[in-house]
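All ligand and atom numbering here is 1-based and tracks the order in the structure. Starting from 1, each residue takes its place in the sequence as its number.
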Amino acid sequence: ELGSFTHFMEKEIFEQPQALENAMRGRFSDDESTAKFGGLNLDAREWRQIDRIVFCGCGTAWHACLVAEYLIERYARIPVEVEYASEFRYRNAPLDKNALFFVVSQSGETIDTLEALREAQRKGFRVLGITNGVGATIARESDGGVYQHSGPEIGVASTKAFTAQLLISGMLSLYLGRMRDLSFGDGREMVQAFKSVPGLVSQILDQADKIKAIAERYADHQDFLFLGRQSMFPIALEGALKLKEISYIHAEGYPAAEMKHGPIALISEQCPSVVLSPHGDTLQKVLSNIAETRARKGRVIAITSAGKDFPETAADDIIRIPSAHSCVMPILATIPLQLLAYHIACKRGCDVDKPRNLAKSVTVE
Ligand code: M6R
């Protein structure tokens with residue numbers, strides 16, 4: 001089943017162009033200006049009445065929820081809140097009466113996410129699911145939802161399921177945006193951007209050998225920081241989680257500008273940073289954060305899509321990803337982080353597909 005791959009995680013990383021294609025199939029309108037979903041079970045009038053969306057999930061799925069918050073607020077202008085499912089179920093938060101819930105779970109069996117769904121339904125809210133496991137409990141109990149169609153994910157560290165969740169979140173932001181103020185032209189640009197993703201992901205995967213070589217040079221470190229701003233912040237959290245899970249290296253994700261509020265004290269030759277710095281409004285600010293880190297002898301691996309705006313000398317190692325519409329940049333930036341974590345863990349001799357202390361699906365509290 002592994003074919004030419006050494007681990008399921010590696011195989012699943014390389015399956016992403018196909019998995020992303022599957023998540024999009026049949027989900028754009030005939031005029032290609034919006035997305036469509038068969039199973040949401042709300043009509044346009046009901047959607048118009050929603051004035052807040054609450055997303056719940058755990059682990060990697062929670063990171064996908066954070067990206068959904070950025071995308072939906074930006075393109076659809078609907079306020080979004082993100083909750084750890086495990087916290088939401090005991091928190092008794094006051095909720096807006098016109099709120100809608102989304103629960104996100106690859107397996108569709110995570111107990112905390114399932115109980116968050118039940119709690120929201122008990123209070124009378126409509127709950128939609130984004131799940132991969134077909135026929136899973138969350139898919140059955142939710143009031144509607146979207147299947148990811150990522151195919152089985154066997155590696156404990158989630159990879160292809162995460163990028164499919166990001167893609168579906170982006171497509172939801174388009175769908176909801178087009179019901180509000182997003183223009184036909186802006187919608188079409190987003191559709192084209194989503195359609196280009198599998199090809200762009202393949203281009204990044206073509207750099208796997210280069211990323212492996214970088215990973216192996218950093219594999220001896222015991223601490224890492226992952227930094228990013230705006231929609232790159234949840235991707236930084238995901239990069240740190242991936243590295244922790246499979247290589248047992250201590251890693252933390254932060255919004256880059258938070259460095260000077262504490263974490264910069266950690267910087268030394270012993271603590272490298274992976275900085276997500278694609279083109280965009282905050283690039284110059286992130287470049288200053290990188291300079292501050294390097295001035296304290298911290299090595300920097302930068303992941304950027306910016307051309308000459310990101311000079312070759314600005315970081316110790318640079319992984320260049322394609323420039324694309326901002327609605328798909330979180331997906332593209334994730335790929336090098338998966339490969340970095342994978343190759344660092346392999347270099348350290350870790351059991352990548354079955355990391356210690358972890359189960360693929362957490363069905364007990
Ligand atoms: O199946 P789920 O998406 O509900 O799982 C949620 C988390 O347990 C899961 O994402 C976990 O954090 C992974 N090991 C991440 O790689």
Give me the nearest non-hydrogen protein atom to [atom] as residue plus atom name, then the distance to 0.1 Å.
| atom | value |
| --- | --- |
| atom 5 (O) of ligand 1 | T110 OG1, 3.5 Å |
| atom 10 (O) of ligand 1 | T60 N, 3.1 Å |
| atom 8 (O) of ligand 1 | V362 CG2, 4.2 Å |
| atom 1 (O) of ligand 1 | S107 OG, 2.7 Å |

So for [X], does at least one of its heavy atoms come nearer than 4.0 angstrom to any atom of ligand 1?
| X | value |
| --- | --- |
| K242 | yes |
| V156 | yes |
| A157 | yes |

If you count the non-hydrogen atoms of other residues, nucleotides and ligands that lie under 6.0 Å from NZ in K210, is the total more than 12?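 Enclosed.
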Taking N or O atoms only and a 3.5 Å limit, does Q106 qualify as a polar contact for ligand 1?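 Yes; at least one N/O pair falls below 3.5 Å.
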N or O pair under 3.5 Å between E245 and ligand 1: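 The answer is yes, given that E245 and ligand 1 share an N or O pair closer than 3.5 Å.
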Would you call E15-K11 a salt bridge at under 4.0 Å N-O?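 A salt bridge links E15 with K11.
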State plainly whether the residues E21 and R25 are in salt-bridge range, i.e. N to O under 4.0 Å.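 Judged by the 4.0 Å cut-off on N to carboxylate O distance, E21 and R25 do not form a salt bridge.
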Please tabulate, for side-chain N and O atoms in residues 312-330, each donor-acceptor pair with protein atoms closer than 3.5 Å (sequence neighbours left out).
from, atom 1, to, atom 2, distance (Å)
E312, OE2, R320, NE, 3.3
E312, OE2, R320, NH2, 3.0
D316, OD2, R294, NE, 3.3
D316, OD2, V300, N, 2.8
D317, OD1, R217, NH2, 2.4
D317, OD2, Y218, OH, 2.7
R320, NH1, A306, O, 2.5
R320, NH1, G307, O, 3.4
R320, NH2, F310, O, 2.7
S323, OG, H279, ND1, 3.3
S323, OG, S305, O, 3.1
H325, ND1, C327, N, 3.1
S326, OG, R74, NH1, 3.4
S326, OG, Y75, OH, 2.8

Does the Lys NZ or Arg CZ of R356 fall within the cation-pi geometry relative to Y248 - under 6.0 Å from the ring centre and within 45° of the axis?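 Yes, R356 lies over the aromatic ring of Y248.
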Exactly one of R188, R178, R27, K195 should register a salt bridge (Lys or Arg N to Asp or Glu O under 4.0 Å) with E32. Which one does?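 Between E32 and the candidates, salt bridge (Lys or Arg N to Asp or Glu O under 4.0 Å) is satisfied uniquely by K195.
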